[in-house]
Amino acid sequence: MRPVSLAAITTILGMAPLLFDAFFAGMAVTIMSGLAFATVLTLIAVPVLYALLHGLKGQAYHA
């Protein structure tokens, strides 16, 4: 989770200076919110849906 979160956070913060530019503000908000939403989907929704579809019930992974 850490590499995905850090990559998303740095990209979101990298777009922050564009928020103060009248020409790019809308694009920056769209990219920042889209990336944040996609990160949440990737880290939370996809594993939950996978567990639901494959019938996993709180089983720990044992290698």
Side-chain angles (χ1 to χ4, degrees):
M1 281 180 61
R2 190 181 318 186
V4 174
S5 299
L6 289 176
I9 290 169
T10 56
T11 305
I12 291 169
L13 292 177
M15 297 296 291
L18 292 176
L19 292 173
F20 304 108
D21 188 352
F23 187 69
F24 293 112
M27 179 190 69
V29 168
T30 303
I31 291 173
M32 291 169 74
S33 60
L35 183 59
F37 184 70
T39 302
V40 169
L41 280 179
T42 302
L43 294 177
I44 296 173
V46 172
V48 168
L49 290 174
Y50 179 84
L52 289 174
L53 290 174
H54 291 282
L56 302 176
K57 296 179 183 175
Q59 300 167 352
Y61 176 74
H62 298 288

Verify same cluster id: [X], [Y] (apolar side-chain graph, 4.5 Å):
{"X": "Ile12", "Y": "Met27", "result": "yes"}
{"X": "Tyr50", "Y": "Leu53", "result": "no"}
{"X": "Phe23", "Y": "Leu18", "result": "yes"}
{"X": "Met32", "Y": "Val29", "result": "yes"}

Let me confirm one number: the [atom1]-[atom2] distance from [X] to [Y], rounded to the nearest 0.5 Å.
{"X": "Thr11", "Y": "Leu6", "atom1": "OG1", "atom2": "CG", "result": "10.5 Å"}
{"X": "Thr10", "Y": "Met15", "atom1": "OG1", "atom2": "CE", "result": "12.0 Å"}
{"X": "Ile9", "Y": "Arg2", "atom1": "CD1", "atom2": "CZ", "result": "11.5 Å"}

List the atom of [X], the atom of [Y], and the distance in Å for their closest heavy-atom pair.
{"X": "Leu43", "Y": "Ser5", "result": "CD1-OG, 3.5 Å"}
{"X": "Ala25", "Y": "Leu19", "result": "CB-O, 3.7 Å"}
{"X": "Ala8", "Y": "Leu35", "result": "O-CD2, 3.7 Å"}

